[in-house]
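The model shown is predicted, which means the values in this text are computed figures rather than measured ones. Side chains are part of it too, since the values below use all heavy atoms of this structure and drop only hydrogens, waters and symmetry mates. Chain identifiers are assigned alphabetically (A, B, ...) following the order of the sequence lines, protein sequences preceding nucleic acid strands; residue numbering begins at 1 within each chain.
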2 protein chains.
Amino acid sequence: MKKVQLADREETILRSIIECHVKTARPVSSGAVVRHGPVSLSSATVRNVMRSLEDAGLIHQPHTSAGRVPTDAGYRHYVDHLMEPASLSERERVQIDEGLSQLSGGDLGTIVSGVSRLMSEFSKELAVTVAPATETQIIEQVKLVSLEGRRVLAVATTRAGMTRSAVVSTARWLGPEDLSTATALVTEWVSGESVGQAQDALREHLAELPVPVKNLVARLLAESSPIFHPRGDERIHYEGTRFILRHPEFSADASFLGEIFDNEDELADLVRNRAGDSGVTVTIGRENRRKEMKKMSLVVGSYRVGASLGQMGVIGPTRMKYPRLIGLVDYCSEALGEMLSGRGA
Amino acid sequence: MKKVQLADREETILRSIIECHVKTARPVSSGAVVRHGPVSLSSATVRNVMRSLEDAGLIHQPHTSAGRVPTDAGYRHYVDHLMEPASLSERERVQIDEGLSQLSGGDLGTIVSGVSRLMSEFSKELAVTVAPATETQIIEQVKLVSLEGRRVLAVATTRAGMTRSAVVSTARWLGPEDLSTATALVTEWVSGESVGQAQDALREHLAELPVPVKNLVARLLAESSPIFHPRGDERIHYEGTRFILRHPEFSADASFLGEIFDNEDELADLVRNRAGDSGVTVTIGRENRRKEMKKMSLVVGSYRVGASLGQMGVIGPTRMKYPRLIGLVDYCSEALGEMLSGRGA
DNA sequence: CCTTAGCACTCTCATCAGGAGAGTGCTAAG
DNA sequence: CTTAGCACTCTCCTGATGAGAGTGCTAAGG
């Protein structure tokens with residue numbers, strides 16, 4: 001870890017090593033750099049440079065007389081200084097735009113899963129999409145609609161134009177007038193509150209409600225009802241498992257990948273914590289705290305729905321096509337944000 | 001494939017081989033059968049029996065001087081004739097009942113994912129749950145509810161007590177009276193029809209609708225709107241990827257597992273086609289047509305929601321604990337069916 | 001006729017040695 | 001500072017060897 005500042009030539013060679021290794025998945029020799037790279041130097045000179053890159057902790061030698069493999073720090077330097085995001089081709093942009101516009105009518109769950117599908121198809125990696133948390137959104141109104149029998153549908157809409165809903169069964173049958181008074185009262189109490197606060201507000205006023213609907217509202221507050229529960233509809237969707245299992249680095253032992261896919265809450269947290277407010281964030285290997293992500297990189301972007309942020313990203317081995325994936329995530333998150341911003345209006 | 005009828009002793013030894021192999025994941029030798037099994041015979045005699053079991057195609061020898069491994073046919077014979085489903089312990093039944101009752105308030109999607117989670121936890125295998133197809137269910141009523149702005153929530157309830165919903169944006173704002181006439185008309189046309197037929201019925205009457213709501217109904221019929229689209233809400237949920245990746249048979253090459261997880265539609269079809277109307281169905285290895293399932297077995301059961309069937313099941317290597325898993329799936333599908341049958345009332 | 005002890009046989013698996021190949025590090029000359 | 005040359009190291013592949021496991025066969029015993 002001697003140098004932080006690298007000479008031009010060192011950077012060129014580091015870039016060459018990384019690009020070659022991303023293609024081949026194997027250690028890169030000094031000879032390979034000479035053959036592939038834009039440097040007109042002998043392999044001996046390249047070896048000298050490699051030595052200093054290794055001292056700087058940017059590349060690593062699995063054993064004597066093997067080529068070099070980029071370290072996490074090497075990829076980090078590459079991502080920060082040595083590459084430009086690759087913009088998508090015109091054709092790809094059109095395909096993504098079309099894919100998104102087909103989704104535009106659906107609800108958030110459909111959109112989230114559709115976006116994952118699109119991104120995994122274009123990245124050939126595992127794609128993850130997290131719907132924006134609605135708990136911080138401000139509730140506009142609540143409607144209680146009688147379905148058949150003793151069941152009632154509750155729908156809350158937020159100022160950002162998202163909906164949350166729940167179906168609950170009540171102990172006894174409720175007439176239309178019961179529901180309309182309940183709708184009016186509940187809306188009065190919770191409108192202007194965030195979804196998170198609404199729960200408290202309702203609990204506070206619960207005693208004031210006429211008996212027939214008290215029971216109904218109590219059920220809406222219950223743990224199992226997602227409508228006012230802060231984490232009720234944190235939806236995450238991932239797609240493209242087949243791609244990740246194909247990478248040669250995981251053919252030997254793929255068991256740790258299982259830990260990533262299960263527990264969707266943790267996966268969602270991982271993606272959410274790693275995303276910034278805007279732009280694309282890259283997390284490489286051990287920069288992730290979770291041990292099962294030590295060999296994985298994460299490229300995430302955010303999209304905005306009203307005041308809330310959702311995230312989308314791609315997960316793959318640290319040996320991934322960063323320029324391509326950063327360009328893809330950037331484009332997709334921009335496009336989705338634009339599409340959704342047209343909604344609240 | 002000489003014998004179909006097996007002598008008692010052959011069956012005992014086949015059972016012994018299978019149970020031993022399920023535990024160890026390795027070929028079972030004649031000596032191991034003597035040690036483990038309830039037969040008091042010499043290994044030489046066991047070898048003679050093994051020979052005839054092999055002639056019958058029930059076990060297989062990877063190579064000379066290796067032990068025997070059950071074939072798909074061997075497992076089939078075991079499941080059909082040599083085992084009893086293992087009933088769950090009192091403690092386990094209580095845990096499952098509690099887990100289910102916590103889900104009972106939620107909507108179908110929540111229930112489906114919750115059941116998968118429960119089953120994968122108790123089976124230590126990949127668990128899959130398919131929500132019942134609602135397209136054959138009879139619609140009871142449709143409600144159109146105005147949300148904020150130009151957005152309208154449409155909810156259809158079926159006689160079986162399930163709901164389908166969609167949110168659509170309309171071209172212009174619709175007043176309460178527009179919506180109530182539309183609600184009345186649409187309900188009149190589609191109530192008594194199945195979800196599948198409703199689409200046609202609505203299309204037929206579309207011209208009769210007053211102009212302001214015609215546009216709205218047209219959007220409900222659109223491809224992207226799940227409410228009347230036959231396959232709109234076929235929801236499938238799977239859980240427990242981590243378990244499947246742990247099995248030693250997949251540690252060498254897990255890449256084909258990716259094919260199973262992607263394409264949820266195909267996975268849903270697989271489970272649905274393999275389930276009978278009632279009871280638990282077991283599909284072993286090559287009995288599955290899909291090539292990526294050649295080494296996998298499937299234990300599925302059905303649960304009833306009104307006139308429709310949903311499915312739940314467990315997927316694992318052919319070397320799985322059939323008695324345990326059949327017992328588990330049986331209990332869970334019964335319990336879920338009972339829970340849901342209380343709904344329509 | 002079925003069972004079983006004994007034994008030769010076969011196949012796997014782990015280990016080792018040797019050689020080829022790849023790639024490095026060092027050194028000395030340009 | 002660059003580079004050609006060379007010795008060195010390490011992996012990987014191959015073939016040989018031996019131990020171990022498990023079988024199949026045969027002949028003796030119930």
- With a non-hydrogen cut-off below 4.0 angstrom, is B:Arg9 in contact with a base, only sugar-phosphate, or nothing? sugar-phosphate
- Message: Let me confirm one number: the CZ-OG distance from A:Arg324 to A:Ser123, rounded to the nearest 0.5 Å.
- Response: 8.0 Å
- So does A:Arg68 pair up with A:Glu54, basic N to acidic O under 4.0 Å? yes
- Message: Taking any heavy-atom pair under 4.0 Å as a contact, classify A:Arg26: base, sugar-phosphate, or nothing.
- Response: nothing
- Item | Ranges pairing with ranges for DNA chain C, where each run has three or more Watson-Crick or G-U pairs under 3.5 Å | C:1-30 with D:1-30
- Message: I need the CZ-P distance between B:Arg68 and D:dG22, as an integer number of Å.
- Response: 12 Å
- Item | Separation of C:dC2 C1' from B:Asn48 CG (nearest whole Å) | 10 Å
- From the options C:dT24, C:dT12, D:dT3, select the nucleotide whose nearest atom is closest to the side chain of A:Gln61. C:dT24
- Item | Most 5' of B:Ser42 and B:His63 on DNA chain C, judged by nearest nucleotide | B:Ser42
- Rounded to whole Å, the CG-P distance (B:Leu41 to D:dG29) equals 21 Å
- B:Glu10 and B:Ser52: side chain donor to acceptor below 3.5 Å: yes
- Judged by atom type as modelled, is there a donor-acceptor pair below 3.5 Å linking the side chain of A:Ser16 to the main-chain atoms of A:Thr12? no
- Just checking B:Ser43: base, sugar-phosphate only, or nothing, at a heavy-atom cut-off of under 4.0 Å? nothing
- For A:His21 and C:dG23, give me the distance from atom NE2 to atom P, rounded to whole Å. 13 Å
- Task: Please confirm whether A:Phe256 and A:Phe250 have ring centers closer than 6.0 angstrom.
- Result: yes
- Message: Assess, by modelled atom type and distance only, whether the side chains of B:Glu19 and B:His36 contain a donor and an acceptor separated by less than 3.5 Å.
- Response: no
- Given the options B:Arg26, B:Arg319, B:Lys294, B:Glu249 meets salt bridge (charged side-chain N to carboxylate O under 4.0 Å, His left out) only with B:Arg319
- Task: Please figure out whether B:Arg47 or B:Ser65 has its closest DNA chain C nucleotide nearer the 5' end.
- Result: B:Arg47
- Query: Base, sugar-phosphate alone, or nothing: which one does A:Thr45 contact when heavy atoms must sit under 4.0 Å apart?
  - Reply: base
- Expressed in angstrom and rounded to an integer, what is the separation of A:His60 atom NE2 from D:dC10 atom C1'? 14 Å
- Message: Measure CD1/B:Ile59 against C1'/D:dG22 and give the value in whole Å, please.
- Response: 13 Å
- Note on the structure: Rounded to whole Å, CD1 of B:Ile13 lies from P of D:dT23 at a distance of 12 Å
- Protein-nucleotide distance (B:Met50, atom CE; D:dG22, atom C1'), rounded to Å: 10 Å
- Task: Determine the contact category for A:Thr64: base if any of its heavy atoms lies under 4.0 Å from a base atom, sugar-phosphate if only primed atoms, P, OP1 or OP2 are that close, otherwise nothing.
- Result: sugar-phosphate
